[in-house]
Structure formats: C-alpha cells, structure tokens
Visitor: 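This is the structure, below, for whatever I ask next.
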Amino acid sequence: MRPWKTRVNADRFQLQLSGKILFEACSLGRGRFCSRSMQDWFDVAKKIDSLVLEAAASAGLENSFSSEIRPADPRFGDLQANGALPYAKRNKNNPRQIAQSLVEKLEANPNLTEHADISIAGPGFINFKFKPSFQLAWLSAFRDRESFKSAAKALHAGEKVVVDYGSPNTAKQMHVGHIRSIVIGEAICRLLEFCGAEVVRDNHIGDWGTPYGKLFYAYKRHLDAKALERDPLEELERLYKLGSKLADDAAVLEECRQELVDLQAGKPESMALWETVNKLSIQGLETIYKELDVHYDCYLGESFYRDKVEQVYQELKDNGLSEESKGAVVVFHPEHPRFKEQPFIIRKSDGASNYATTDLATMLYRNEHFKATSIVIVTDDRQKDHFEQLDLTTKKWFEKTRRQMPKFSHVMFGKINGEDGKVIKSRSGDPIRLRQLIDEAVERAAKIVREKNATLPEDEIKHIAEVIGVNAIKYADLSQNRTSDYIFTWEKLLSFEGNTAPYLLYAAARIQSIFRKLDTDQLADLESKATPFETPEEIALANKIIAFVGVLQSTIEQLRPHLLCTYLFELAGAYSSFYSANKVIVSESDVQARRLLLCQRTLVALQSGLGLLGIPTLQRM
RNA sequence: GGGGCAAUAGCUCAGCUGGAUAGAGCAUCGGAUUUCUAAUCCGAGGGUCGGGGGUUCAAGUCCCUCUUGCCCUACCA
C-alpha cells in the first residue's frame with residue numbers, strides 16, 4: 001500500500017553499506033574536496049545517517065538502533081540524530097550515555113569532523129553543524145540542474161509509471177474542480193521523471209455514456225456552427241444543456257434514448273458524430289492544457305475500453321471473484337471490514353458496464369500494454385473507496401491469472417471551497433470556468449505589472465502577466481496540502497505576497513538582474529575564487545540550498561508537492577534576507593565570488609524546483 | 001445505522017509519521033531605501049493545538065471518548 005516508502009528504505013540500506021567503504025575525502029586546501037567524494041554527500045541526511053549507524057556498530061549498540069536524522073533547530077545545528085533516546089528506552093540505558101558513546105566514535109572519524117561540528121544536548125540529542133568549508137565544497141560539486149538530476153535519478157530508475165490525471169468529461173468546459181488533478185498530476189509526472197522514472201501521461205477522459213443521447217438530439221437540431229468553431233466546448237455544453245432541458249418532454253426523451261441506442265450499437269452515422277464531438281472536445285481541452293504547459297502522451301478515455309470489458313467479466317467470473325447480487329454482478333472482499341458488505345459493482349443489473357468495469361479494464365491494459373511497474377491515479381478523495389476496491393480486486397484478479405501487480409497509488413485531493421466554506425460557484429450558480437479563472441488572473445496580473453514596472457514594453461508586460469497569472473493559479477493549488485480541502489479566494493490566489501508564485505518569481509528575477517550587471521569573466525570560475533561563507537545570512541542560505549535534496553525525496557515519497565513549495569518559499573525567503581543584508585557586488589573579489597556563487601546556486605534550486613512544479617521563471621518582472 | 005477525513009494565532013495554512021521554548025503568510029503596530037529590482041527586509045503583539053481521559057523520559061502528533069463540520073456507504077463518474 002505504500003510503494004514509495006519501500007523504495008526509499010531499500011535505498012537507505014544500500015547507502016549504509018556503501019558508507020563503510022566510500023571514504024577518501026581528498027581535501028584540496030581551503031576546504032575544497034574533489035567531487036568524487038562529494039557525490040557521497042549529495043544527500044547529507046543519508047550520509048550522516050550512515051555515519052551514525054557506523055558509529056553505533058563500533059560502539060557496540062545492537063542493530064535495532066536507528067539514528068533518526070531530522071533537521072535541527074537552527075540554534076543547535078543543521079541536523080540532529082535523535083536515535084539515542086528510543087534506543088536507551090528500549091534497553092533501559094541512560095540516553096545521555098548512549099549519545100556520549102556515539103559522539104566519541106563520531107569525533108574519532110576525521111571524515112566527519114572535517115565537515116561538521118558535533119555536539120550533544122538535552123536528554124541525548126546529537127547535533128551536527130556543517131562547516132562553511134563543507135558548504136562551499138557541496139555547492140561547488142552540485143552546481144546545476146543536471147548534477148541534481150543525475151544524483152536524484154537513482155531513486156526511481158527503471159520504473160515505468162502510468163500517471164492518470166486530468167480526466168475531464170468531453171463536451172463540457174472545464175471548471176475549477178478540474179484544476180487540482182491537472183496541476184498536481186503534472187507536478188507528480190515531472191518529479192518522477194526527474195528521479196529517473198519513465199512516465200506515461202494518460203488522460204482518462206469521460207467520452208462515453210448516457211449524456212450523448214441528449215447532446216446528439218440537440219446537436220442535430222440546434223447547432224450554431226459559428227459558435228462551435230469559435231469555442232467548441234462552450235457550444236457543445238450549451239447543446240447538452242439544451243438537450244437535457246428539452247428532454248423534459250417525453251417524446252423528446254424517447255428520441256434521445258434512441259440516439260444513445262444508435263451510438264452504443266455503433267451505427268456509422270452516430271459514430272461519425274461521436275468522433276466529431278470527441279475531436280472538437282480534445283481540441284478545446286488542449287488550448288487550456290497548452291496554457292498550463294501540460295502535454296499528454298495519450299487520451300485513452302472510457303470509450304477506448306468499451307470493447308475490453310467482456311474479458312473483465314469473463315476472467316473475474318472464471319476465477320470465482322465475482323458473483324451475482326440483486327441482479328448486478330459484484331465483487332465482495334470478505335476479509336475487509338467494510339467491503340465484505342459494500343459491493344464493488346462491475347456490471348449493472350441492466351447488463352451495462354460502469355466506472356468499475358472500465359477501471360478494471362484500464363488496470364489490465366496499463367499492465368499488459370504499457371508494462372507499467374506503477375500506476376498513479378489522481379482524483380478527488382470522494383473516490384477513495386472506489387479505488388481501494390479497485391486495488392483489492394485487481395490484486396486478487398492478477399494473482400489468480402498470474403500477472404504481475406503494479407504498485408498502485410491513488411493520489412487524492414480535497415475540495416476547493418469558497419470563502420463561505422461551501423463549494424465554490426459563480427454568481428449564476430454554475431461552477432467557475434477554468435477559462436474564466438485564467439483570464440481573470442492574467443488580467444489582474446497585467447494591471448499589477450504595469451503599476452510596478454512601467455518602463456517595460458507592452459508585449460513584455462503581456463508575456464509577464466501571462467506567466468504570473470497562470471502560475472499563480474497553479475502554485476496556489478500546489479502549495480496546499482493536497483489531502484485537505486482549501487478555501488479559494490481571489491485575494492489569496494492573486495496575492496503577490498507570502499507563499500505565492502510571484503514571490504518566488506521575483507526572487508529569481510532579482511538574481512538574474514544581478515548577473516546582467518556583470519560580464520562573463522566576473523561570473524566565471526566562482527568556485528575557485530570564493531572563500532567559505534561568513535555572514536549568518538550566507539551560511540543560512542547555503543544550508544537551505546543543500547536541503548533541496550532531502551525535500552525532493554520527501555516530496556516524491558509522499559507525492560505531496562506542497563512540501564517542495566514550502567521549501568522553495570523558505571529558500572526565496574533566505575535569499576531575500578541574504579540579499580538585503582549582504583551586498584553582492586563588492587570590491588573584495590573573493591567575497592563577491594562567494595556571494596555570486598550563492599546567487600547562482602539559489603537560482604539553480606529555484607528554477608529546478610519550480611520546473612518540477614511546472615512553473616517557468618522570468619528574466620525580468 | 002456503519003465508515004472515512006478534518007478541527008492549530010483575528011483570517012488562510014504548515015508542522016517532516018513521538019522530540020528541545022508549536023511555526024509561516026495575511027491583517028494590526030513599529031522600524032529600514034544617497035545602496036545590486038522595496039513585488040523586499042528587520043522587529044513587536046497575538047495560542048488551553050475543539051473538550052475530557054489515557055499511554056511515557058517526551059503528545060499538536062499514538063489509544064479511548066465526546067462535540068462540531070464535510071464526505072462515502074448497490075447499480076453516477
């Protein structure tokens with residue numbers, strides 16, 4: 001049930017093993033190290049973890065000892081190891097003494113003491129504070145996005161993940177309710193790719209079913225061809241609503257039913273119309289995806305699976321998993337407290353398939369056709385039961401039929417509410433359209449950009465406003481813990497203060513503005529010109545950059561993009577504090593070099609992090 | 001009825017799976033600009049972590065219970 005966790009534990013184990021042999025820190029004077037030994041320190045928490053375990057072994061502690069590395073309170077250090085406390089408790093020892101024995105071993109290891117100061121505090125916390133020379137060495141070794149990526153790619157290398165996200169219905173405008181799946185799903189794809197996985201982006205659109213009867217009825221009689229060309233989804237939605245309204249009349253309803261029957265029977269004329277609607281719908285969806293910088297590999301919607309459900313019925317029946325109940329075909333799970341009585345309905349009593357059937361067929365297709373090692377589905381949390389049942393059923397089905405079961409993750413998210421705490425709606429009572437939301441955000445952004453930076457040419461203002469508007473929306477969603485509901489307000493969405501996209505974009509733009517003031521040889525060879533960090537702001541910023549790695553891991557482990565957002569906000573804050581307290585362009589060349597190095601690495605971390613969230617940066621704003 | 005999720009500063013939210021004096025942002029108040037983008041920075045006030053029990057060196061975090069809200073609970077997706 002927790003595929004992402006197992007992976008990381010396995011990884012940690014490997015590091016423990018390698019920690020014992022990989023120790024030839026070759027100091028090159030002034031605290032610099034060759035990059036080979038620094039590779040080992042990419043994830044400082046893991047490295048410290050392996051060193052503490054090593055110390056525990058040589059101090060004679062049992063192998064039940066776990067080091068429990070955490071970020072420390074900055075007053076005490078950068079990282080802390082808390083493992084002495086629970087260990088002492090289990091073995092009825094004095095925790096302070098256990099910590100003391102560990103510290104003695106750690107102090108005897110020059111490869112650690114060169115990099116960090118070790119101290120012991122309170123009931124037995126062990127604190128590590130990195131030396132400025134180590135910070136400089138780390139920042140010299142991990143200099144760009146590529147070096148981050150190559151170090152991170154081991155996390156999910158060799159995996160093939162199908163990510164199912166977005167999933168709107170065709171013939172309808174997308175509204176605010178769709179934004180979370182799109183934005184969170186896309187971020188997850190990028191994170192997985194960054195960590196070495198091969199990703200298939202699949203849009204499981206709702207392109208089949210009962211609404212088509214009403215839509216076709218209205219389409220044939222009330223189509224506005226010009227409107228369709230201008231905005232296909234708007235016109236199709238209008239027609240569907242019209243059809244629904246007209247179907248209040250019994251005679252019309254009968255004609256709608258006939259339309260549906262014709263479609264399901266595959267009548268050529270109906271199929272042709274269905275294909276037209278489908279094509280126009282995807283075209284309409286793609287204009288918004290493009291603005292959001294989301295690009296799918298495939299659109300395998302419900303219709304794609306309609307000829308694949310027979311196999312599902314057959315195999316579940318043949319393997320004794322399904323049974324008939326109240327006229328429907330269902331799957332119960334006797335071992336489960338709830339699903340022993342709550343059925344997973346795979347075939348309705350009228351013989352038709354439903355969501356469960358196509359999802360089962362989808363699991364099979366992703367397994368057999370894509371050879372997926374993992375499947376991630378991004379939907380709202382109301383579907384939790386459904387996907388738990390899908391997971392349980394598929395596990396049993398694949399086991400009986402000797403298929404490999406991929407890791408399955410239902411990445412769910414909460415609702416977006418209005419300021420009154422209720423589901424957000426426009427004045428007319430309909431959900432707010434995504435189109436309208438984006439346009440308004442861009443419009444408001446343009447107004448602010450004009451106020452703040454009147455000297456920019458109009459076309460650049462337009463470009464900047466688009467980036468800020470669209471990404472303010474994305475970031476507002478990503479920065480929220482996905483499993484909670486959250487309250488949507490225009491003020492918050494478009495705020496240019498606090499934990500928002502504009503704040504981060506501004507930090508990145510300021511850095512680039514500094515670089516524009518210098519020529520290339522002033523920016524070259526910063527690593528060799530720089531001296532170790534001295535001011536509190538330099539040291540704090542350097543630590544924040546180094547912390548990127550750990551945050552990336554927990555973000556991917558939990559598939560929670562807000563962890564990365566919180567980090568980026570703190571990074572931008574550390575940069576702003578540094579920037580206002582430390583002048584970068586100064587006469588001492590070594591000081592200037594180390595501050596420019598910090599600026600450059602901050603930019604790398606910001607751009608990498610934002611890029612993983614699907615957010616580009618701006619040169620100017 | 002059964003189950004799930006939530007409740008943390010005036011507001012919006014974090015809190016890394018039990019660790020040191022519970023943190024941000026907004027709002028309020030007070031400072032900083034002859035200075036590399038002030039869309040910024042520094043500081044102050046503001047808390048019975050919904051209530052009550054329990055587990056232990058240590059609980060916002062775990063177990064029980066109560067209150068309130070949202071959601072799911074047989075043929076929607």
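Letters go in sequence order (proteins before strands), and every chain restarts at 1.
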Visitor: In whole Å, measure the gap between the C1' atoms of B:G31 and B:G45 for me.
Guide: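 My reading of the C1' atoms in B:G31 and B:G45 gives 15 Å.
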Visitor: Starting at atom CZ of A:Arg90, determine the distance to atom P of B:G18, rounded to an integer number of angstrom.
Guide: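 Distance, rounded to whole Å: 14 Å.
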Visitor: Can you check whether A:Tyr305 and A:His204 have ring centres sitting under 6.0 Å from each other?
Guide: yes
Visitor: Can you tell me how far P in B:C41 sits from the matching atom in B:A77, rounded to whole Å?
Guide: 50 Å
Visitor: Using a 4.0 Å heavy-atom cut-off, write out nucleotides 30-39 of chain B from 5' to 3' as B (base contacted by protein), S (sugar-phosphate only) or - (no contact).
Guide: -----SBBSB
Visitor: Could you check whether A:Glu443 pairs with A:Lys447 (Lys NZ or Arg NE/NH1/NH2 to Asp/Glu carboxylate O, under 4.0 Å)?
Guide: no
Visitor: Reading 5' to 3' and counting Watson-Crick or G-U wobble pairs with both distances under 3.5 Å, write the dot-bracket notation for RNA chain B, | for bases paired outside the strand.
Guide: (((((((..((((.....[...)))).(((((.......))))).....(((((..]....))))))))))))....
Visitor: I need the CG-P distance between A:Leu568 and B:G25, as an integer number of Å.
Guide: 16 Å
Visitor: Suppose you measure atom P in B:A27 against the same atom in B:U65; what distance do you get, rounded to whole Å?
Guide: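 43 Å, rounded to whole Å.
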Visitor: Once you measure the plane-to-plane angle for A:Phe344 and A:His386, does it fall in the parallel (<30°), tilted (30-60°) or perpendicular (>60°) bin?
Guide: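 Geometry flag for A:His386 against A:Phe344: tilted rings.
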Visitor: Under the side chain to side chain contact (heavy atoms under 4.5 Å, CB included) test against A:Phe413, which residue among A:Val378, A:Thr483, A:Asp381, A:Val183 passes?
Guide: A:Val378
Visitor: Please classify the glycosidic conformation of B:U61 as syn (within 90° of 0) or anti (everything else).
Guide: anti
Visitor: Would you check if there is a donor-acceptor pair between the side chains of A:Glu302 and A:Thr358 at a distance under 3.5 Å?
Guide: no
Visitor: In whole Å, measure the gap between the C1' atoms of B:C13 and B:G18 for me.
Guide: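 The answer is 23 Å between these two C1' atoms.
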Visitor: Assign a letter to each nucleotide of nucleotides 6-12 of chain B from its 5' end: B, base within under 4.0 Å of a protein heavy atom; S, sugar-phosphate only; -, no contact.
Guide: ------S
Visitor: Write down the distance between CG (A:Leu563) and P (B:G15), rounded to a whole number of angstrom.
Guide: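 Nearest whole value for this atom pair: 7 Å.
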Visitor: Quick check: A:Tyr503 with A:Phe569 (ring centres under 6.0 Å apart)?
Guide: yes
Visitor: Taking for each residue the nucleotide of RNA chain B bearing the nearest heavy atom, is the 5' side occupied by A:Asn481 or by A:Ala572?
Guide: A:Asn481
Visitor: For A:Asn499 and A:Tyr475, test the side chains for any donor-to-acceptor distance below 3.5 angstrom and give the result as yes or no.
Guide: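 Yes - a donor-acceptor pair under 3.5 Å links their side chains.
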Visitor: Could you state the atom-to-atom distance from NZ of A:Lys92 to P of B:U56 in whole Å?
Guide: 12 Å
Visitor: Could you walk me through whether A:Ser577 and A:Glu537 pass side chain to side chain donor-acceptor pair (under 3.5 Å), step by step?
Guide: CA-CA 7 Å; A:Ser577 300; A:Glu537 295 85 8; over 6 Å; no
Visitor: Provide, to the nearest angstrom, the distance between the CG atom belonging to A:Asn94 and the P atom belonging to B:C57.
Guide: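 My rounded result for the distance is 13 Å.
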Visitor: Looking at every non-hydrogen atom in both residues, tell me the closest pair between A:Val411 and A:Leu559 and how far apart they are.
Guide: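 Closest approach of A:Val411 to A:Leu559: CG2-CD1, 3.7 Å.
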Visitor: Just by distance, no angles: are the side chains of A:Thr455 and A:Asn453 close enough, under 3.5 Å, to form a donor-acceptor pair?
Guide: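 The criterion, which ignores hydrogens and geometry beyond distance, is satisfied for A:Asn453 and A:Thr455.
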Visitor: Measuring only the P atom in each nucleotide, how far is B:A9 from B:G51? A whole number of Å is fine.
Guide: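 Roughly 11 Å separates the two P atoms.
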Visitor: When the distance from CG of A:Leu478 to P of B:C13 is rounded to whole Å, what number comes out?
Guide: 16 Å
Visitor: Could you write nucleotides 70-77 of chain B as a row of B, S and -, 5' to 3', where a protein heavy atom under 4.0 Å of any base atom gives B, of only sugar-phosphate atoms gives S, and otherwise -?
Guide: SSSSBBSB
Visitor: Using a 4.0 Å heavy-atom cut-off, does A:Lys384 contact any base of the nucleic acid, only the sugar-phosphate backbone, or nothing at all?
Guide: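 Sugar-phosphate contact only - A:Lys384 comes under 4.0 Å of backbone atoms but never of a base.
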Visitor: Considering only the P atoms, how many Å lie between B:C11 and B:U48, rounded to the nearest integer?
Guide: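 One P to the other, the span is 12 Å.
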Visitor: Apply side chain to side chain contact (heavy atoms under 4.5 Å, CB included) to the pair A:Leu618 and A:Tyr506, showing each step before the final yes or no.
Guide: CA-CA 8 Å; A:Leu618 289 161; A:Tyr506 180 61; over 6 Å; no
Visitor: Given atom CZ of A:Phe488 and atom C1' of B:C13, what is their separation to the nearest angstrom?
Guide: 16 Å
Visitor: Tell me whether the count of non-hydrogen atoms from other residues, nucleotides or ligands lying under 6.0 Å of CZ in A:Arg382 goes above 12.
Guide: no
Visitor: Determine the Euclidean distance between corresponding C1' atoms of B:A24 and B:C49; express it in Å to zero decimal places.
Guide: 16 Å
Visitor: Rounded to the nearest angstrom, tell me the gap between atom CG in A:Asp420 and atom P in B:G69.
Guide: 16 Å
Visitor: Tell me every residue that passes side chain to side chain donor-acceptor pair (under 3.5 Å) with A:Asn94, counting only those two or more places apart in sequence or in another chain.
Guide: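 Partners of A:Asn94 under the side chain to side chain donor-acceptor pair (under 3.5 Å) test: none.
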Visitor: N/O contacts under 3.5 Å, protein versus nucleotides 19-22 of chain B?
Guide:
{"residue": "B:G19", "atom": "OP2", "partner": "A:Arg70", "partner atom": "NH1", "Å": "3.0"}
{"residue": "B:A20", "atom": "N7", "partner": "A:Gln80", "partner atom": "NE2", "Å": "3.2"}
{"residue": "B:A20", "atom": "N6", "partner": "A:Gln80", "partner atom": "NE2", "Å": "2.9"}
{"residue": "B:A20", "atom": "N6", "partner": "A:Asn127", "partner atom": "OD1", "Å": "2.6"}
{"residue": "B:A20", "atom": "N6", "partner": "A:Asn127", "partner atom": "ND2", "Å": "3.3"}
{"residue": "B:A20", "atom": "N1", "partner": "A:Asn127", "partner atom": "ND2", "Å": "3.4"}
{"residue": "B:U21", "atom": "N3", "partner": "A:Arg75", "partner atom": "NH1", "Å": "3.1"}

Visitor: Please tell me whether A:Phe578 and A:Tyr575 form a close aromatic pair, meaning their ring centres lie under 6.0 Å apart.
Guide: yes
Visitor: Can you tell me, in whole Å, how much space there is between the C1' of B:U40 and that of B:G25?
Guide: 15 Å
Visitor: Below 4.0 angstrom from OP1 or OP2 of B:C13, is there any side-chain N or O of A:His562?
Guide: no
Visitor: Are any of the side-chain nitrogens in A:Asp477 or A:Arg180 under 4.0 Å away from the carboxylate oxygens of its partner?
Guide: yes
Visitor: Tell me whether the NZ or CZ atom of A:Lys308 lies within the 45° cone about the ring axis of A:Phe304 and under 6.0 Å from its centre.
Guide: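 Satisfied, under 6.0 Å and within 45°.
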Visitor: Could you walk me through whether A:Asp380 and A:Gln383 pass the side chain to side chain donor-acceptor pair (under 3.5 Å) check?
Guide: CA-CA 6 Å; A:Asp380 68 83; A:Gln383 302 185 48; 3.3 Å; yes
Visitor: At 4.0 Å (heavy atoms only), tell me whether A:Pro337 reaches a base, stays on the sugar-phosphate, or touches nothing.
Guide: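 Answer is nothing: A:Pro337 stays at 4.0 Å or more from every strand.
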Visitor: Please check if atom NZ in A:Lys317 has more than 12 non-hydrogen atoms from other residues, nucleotides or ligands closer than 6.0 Å.
Guide: no
